[in-house]
Amino acid sequence: MTWYKVDSLSDISVPFIKKVKAGSKSICLVGFEGKLYAVSAKCPHAGADMSEGLCVRKLIVCPYHRYTYDLETGKGGEGQNDFIETYPVEVKEDGVYVGVASIWDKLRQAFK
């Protein structure tokens, strides 16, 4: 897994959603209820930019069709049968970092 610095330290007491780059990936960095989350910036259903959505009850809501995705697991709402990718987040003294696994990292994990 490669860790990318994506932001300087933000005030996570105020809810926010913003699109950031982690390597070649576009990711939504989400501050919600005092925690930071990182999820895919693209809705798998309609291709919408998730950073233009909103958060409700620890769910990110797609701005196009109001599909919802859990910020921790990426699981879509009931009946959706889809998900968005989630990424680990670490806050360090110099900023916020997001971990992005390569395809090889994912394959190694799948066969453990």
Side-chain angles (χ1 to χ4, degrees):
M1 180 168 303
T2 304
W3 290 87
Y4 297 94
K5 183 177 178 182
V6 295
D7 198 11
S8 56
L9 290 178
S10 300
D11 179 8
I12 62 172
S13 66
V14 178
F16 68 89
I17 302 173
K18 66 173 150 181
K19 188 164 34 173
V20 296
K21 285 294 244 185
S24 62
K25 296 263 186 198
S26 288
I27 292 176
C28 277
L29 187 62
V30 181
F32 187 72
E33 294 184 344
K35 285 189 72 178
L36 282 176
Y37 303 91
V39 298
S40 174
K42 185 176 179 185
C43 175
H45 168 244
D49 181 351
M50 297 296 282
S51 69
E52 296 176 4
L54 60 119
C55 284
V56 179
R57 297 181 319 238
K58 216 165 63 173
L59 301 171
I60 190 166
V61 181
C62 172
Y64 283 9
H65 296 104
R66 304 293 183 235
Y67 275 38
T68 60
Y69 299 91
D70 186 282
L71 286 171
E72 289 184 354
T73 66
K75 187 174 188 289
E78 190 174 329
Q80 287 177 218
N81 297 321
D82 63 354
F83 67 93
I84 57 174
E85 185 124 19
T86 61
Y87 302 90
V89 179
E90 283 189 12
V91 178
K92 298 182 180 182
E93 283 186 27
D94 66 332
V96 177
Y97 289 77
V98 172
V100 178
S102 71
I103 188 68
W104 302 113
D105 293 333
K106 291 176 185 178
L107 285 171
R108 277 192 289 273
Q109 188 66 30
F111 290 106
K112 280 189 176 181

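These numbers were taken from a predicted model, which means no experiment stands behind them. We number each residue from 1, following the sequence as shown.
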So, using salt bridge (charged side-chain N to carboxylate O under 4.0 Å, His left out) as the criterion, who are the partners of Lys75 when residues are at least two apart?
none
Using side-chain heavy atoms (C-beta onward) and a distance below 4.5 Å, is [X] in contact with [Y]?
X: Asp94; Y: Lys5; result: yes
X: Met1; Y: Val100; result: no
X: Lys18; Y: Asp7; result: yes
X: Val96; Y: Leu36; result: yes

side-chain hydrogen bond (donor to acceptor under 3.5 Å, both in side chains) with Lys58: which residues, sequence neighbours excluded?
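Residues passing side-chain hydrogen bond (donor to acceptor under 3.5 Å, both in side chains) with Lys58: Glu72.
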Output all residues satisfying side-chain hydrogen bond (donor to acceptor under 3.5 Å, both in side chains) with Ser51, sequence neighbours left out; order by chain, then residue number.
Asp49
Ignoring hydrogens, what is the shortest heavy-atom contact between Cys62 and Ala48? Give both atom names and the distance.
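In terms of heavy atoms, the two residues are closest at SG-CB, 3.6 Å.
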Fellow cluster residues of Val61, listed by chain then number, with links counted only when side-chain atoms sit under 4.5 Å apart:
Leu54, Val56
Could you work out the complete set of other residues in the hydrophobic cluster of Tyr67, with links drawn between I, L, V, M, F, W and Y side chains under 4.5 Å apart?
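Cluster partners of Tyr67: Ile17, Val30, Phe32, Tyr37, Val39, Met50, Ile60, Tyr69, Leu71, Ile84.
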Using the side-chain contact (heavy atoms from CB on, under 4.5 Å) rule, take Gln80 and Thr68 through it: C-alpha gap first, then chi angles, then the decisive distance, then the call.
CA-CA 9 Å; Gln80 287 177 218; Thr68 60; 3.7 Å; yes
Residue pairs passing the ring-ring contact (aromatic ring centres under 6.0 Å, His included) test with at least one member in residues 78-100, sequence neighbours excluded, are none
How far apart are the C-alpha atoms of Val6 and Ile27, what are their side-chain angles, what is the distance that settles it, and do they pass the side-chain contact (heavy atoms from CB on, under 4.5 Å) test?
CA-CA 9 Å; Val6 295; Ile27 292 176; 6.0 Å; no
Please, which pairs that meet salt bridge (Lys or Arg N to Asp or Glu O under 4.0 Å) have at least one residue in residues 36-47, sequence neighbours excluded?
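Residue pairs passing salt bridge (Lys or Arg N to Asp or Glu O under 4.0 Å), neighbours aside: none found.
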I'd like to know whether Thr86 forms a side-chain contact (heavy atoms from CB on, under 4.5 Å) with Thr73, so could you lay out the CA-CA distance, the side-chain angles of the two residues, the decisive distance to 0.1 Å, and finally the verdict.
CA-CA 7 Å; Thr86 61; Thr73 66; 5.8 Å; no
Non-neighbouring partners of Pro15 that pass side-chain contact (heavy atoms from CB on, under 4.5 Å), sequence neighbours left out
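Per chain and number, Pro15 pairs via side-chain contact (heavy atoms from CB on, under 4.5 Å) with no residue.
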In this structure, would Leu29 and Val91 fall into the same cluster of hydrophobic residues linked by side-chain contacts under 4.5 Å?
yes
If I take atom CD from residue Glu52 and atom SG from residue Cys43, how far apart are they, to the nearest 0.5 angstrom?
12.0 Å
